[in-house]
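First up is the structure itself, then whatever we jot down about it.
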Amino acid sequence: VPTAGRVEFRDVTFGYPGAERPVLDGVSFVAEPGQTTAIIGSTGAGKTTLLSLVSRQYDPQQGSVAIDGVSVSDLGRHEMASVVGLIPQKPYLFSGTIGSNLRFGRPEATDAELWEALRVAQGADFVREKTHGLDERVSQGGTNVSGGQRQRLCIARALVARPRVYLFDDSFSALDVATDARLREGLGEATAGATVIIVAQRVSTIRSADQILVMDGGAVVGRGTHDELLESNETYREIVES
Ligand code: DGT
Ligand code: MG
């Protein structure tokens with residue numbers, strides 16, 4: 001398993017085009033390969049925005065975002081897809097088949113690899129039940145795939161691509177506790193060696209992270225393990241005890 005994908009933010013400031021105030025203000029942190037970094041913070045704190053700078057939907061106005069020492073602004077779009085796997089907060093599918101969606105980041109993936117990714121993402125059962133299996137058609141606004149299934153397909157799609165960096169934006173909060181536990185156990189193996197960044201709400205997800213970043217109003221206001229932050233960080237205590 002290759003160990004790479006170190007993500008480094010250096011004093012990053014970012015505001016959306018046309019907005020008056022920056023959404024991220026002087027954000028610095030490192031997320032290490034082989035580790036899980038959890039990001040927590042209240043709604044609007046800037047968690048999704050932070051991930052969007054890693055996957056380069058936007059560029060920062062100040063500071064730098066680098067992966068393995070290379071600024072993400074030097075990575076081409078195609079290269080980006082093999083480096084960063086984003087599982088968005090609002091998971092989306094492309095018009096096509098389940099298979100073509102899963103192969104998006106690595107067209108040469110075999111059916112066996114797709115099924116293995118689906119197994120880990122807890123999506124194999126529902127795909128197997130579809131009349132056409134991997135060849136079942138889905139559409140962007142399709143009703144034949146539920147929101148939860150869509151999310152699992154997006155997780156499987158990221159796994160198929162085997163990126164160095166996984167970004168999970170609130171991907172597990174809507175799952176029941178048992179599915180959540182099974183999914184994350186399998187993911188631990190499937191993503192071993194990569195850098196995993198998880199925006200999370202559930203305390204069980206946060207607690208098992210190697211590092212937790214606490215965000216508030218566009219800044220990182222705390223960093224550490226669960227026990228360290230419980231001890232030292234008022235914002236963290238408020239969030240996990242609410
Ligand atoms: P969540 O998902 O509700 O827990 O909140 P976060 O932490 O993911 O927050 P985020 O990054 O979506 O939003 C941070 C701030 O940026 C918030 O004031 C809303 C604003 N914002 C987010 N997306 C956009 C956008 O596309 N355009 C503009 N102008 N503002 C945005
Ligand atoms: Mg968000």
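One-based numbering along the sequence shown. Just follow the structure's listing: the first ligand is 1, and inside any ligand the first atom is 1.
- Residue Thr43 holds the heavy atom nearest to atom 1 (P) of ligand 1 of all those in Thr43, Ile39, Leu24, Val23.
- Checked by distance only, ligand 1 and Gly41 stay at 3.5 Å or farther apart across all their nitrogen or oxygen atoms.
- We find the CG-CG distance between Leu134 and Leu102 to be 6.5 Å, quoted to the nearest 0.5 Å.
- The contact set between ligand 1 and Thr48, taken as ligand atoms under 4.0 Å from a residue heavy atom, comprises 2 (O), 6 (P), 8 (O), 11 (O), 12 (O).
- For Phe14, the ring pair (Phe, Tyr, Trp, His ring centres under 6.0 Å) test picks out Tyr16, Tyr58, with sequence neighbours left out.
- Shown here are the ring pair (Phe, Tyr, Trp, His ring centres under 6.0 Å) partners of Phe104, two or more places apart in sequence or in another chain: Phe94.
- Within a 4.0 Å radius of atom 19 (C) of ligand 1, the protein has no heavy atom.
- The closest protein non-hydrogen atom to atom 4 (O) of ligand 1 is Lys47 NZ, 2.7 Å.
- Ligand-side atoms of ligand 1 in range of Thr49: 10 (P), 11 (O), 13 (O), 14 (C), range being under 4.0 angstrom from any heavy atom.
- Among protein atoms, those of element N, O or S found less than 2.8 Å away from the Mg ion (ligand 2) are Thr48 OG1, Gln89 OE1.
- We find the CD1-CG distance between Ile87 and Leu167 to be 7.0 Å, quoted to the nearest 0.5 Å.
- A heavy-atom separation below 4.0 Å is found between Gly46 and ligand 1.
- Using modelled atom types and a 3.5 Å distance limit, the side chains of Gln89 and Thr48 yield a donor-acceptor pair.
- A salt bridge between Arg207 and Asp227 is absent, with no side-chain N of the basic residue lying under 4.0 Å from a carboxylate O of the acidic one.
- Given atom 17 (C) of ligand 1, the protein heavy atom at minimum distance is Gly44 O, 4.0 Å.
- In Gln89, the part holding a heavy atom less than 4.0 Å from any atom of ligand 1 is the side chain.
- The salt bridge (Lys or Arg N to Asp or Glu O under 4.0 Å) test with Arg162 singles out one residue from Glu113, Glu116, Glu108, and that residue is Glu113.
- Taken to the nearest 0.5 Å, the OG1 atom of Thr205 stands 9.5 Å off from the CG atom of Asp170.
- Rounding to the nearest 0.5 Å gives a distance of 10.5 Å between OG of Ser64 and CG of Asp74.
- With sequence neighbours left out, the side chain to side chain donor-acceptor pair (under 3.5 Å) criterion links Asn101 to Arg157.
- Regarding atom 30 (N) of ligand 1, its nearest protein heavy-atom neighbour is Tyr16 CD1, 3.3 Å.
- With rounding to the nearest 0.5 angstrom, the CZ atom of Arg150 is 13.0 Å from the NZ atom of Lys90.
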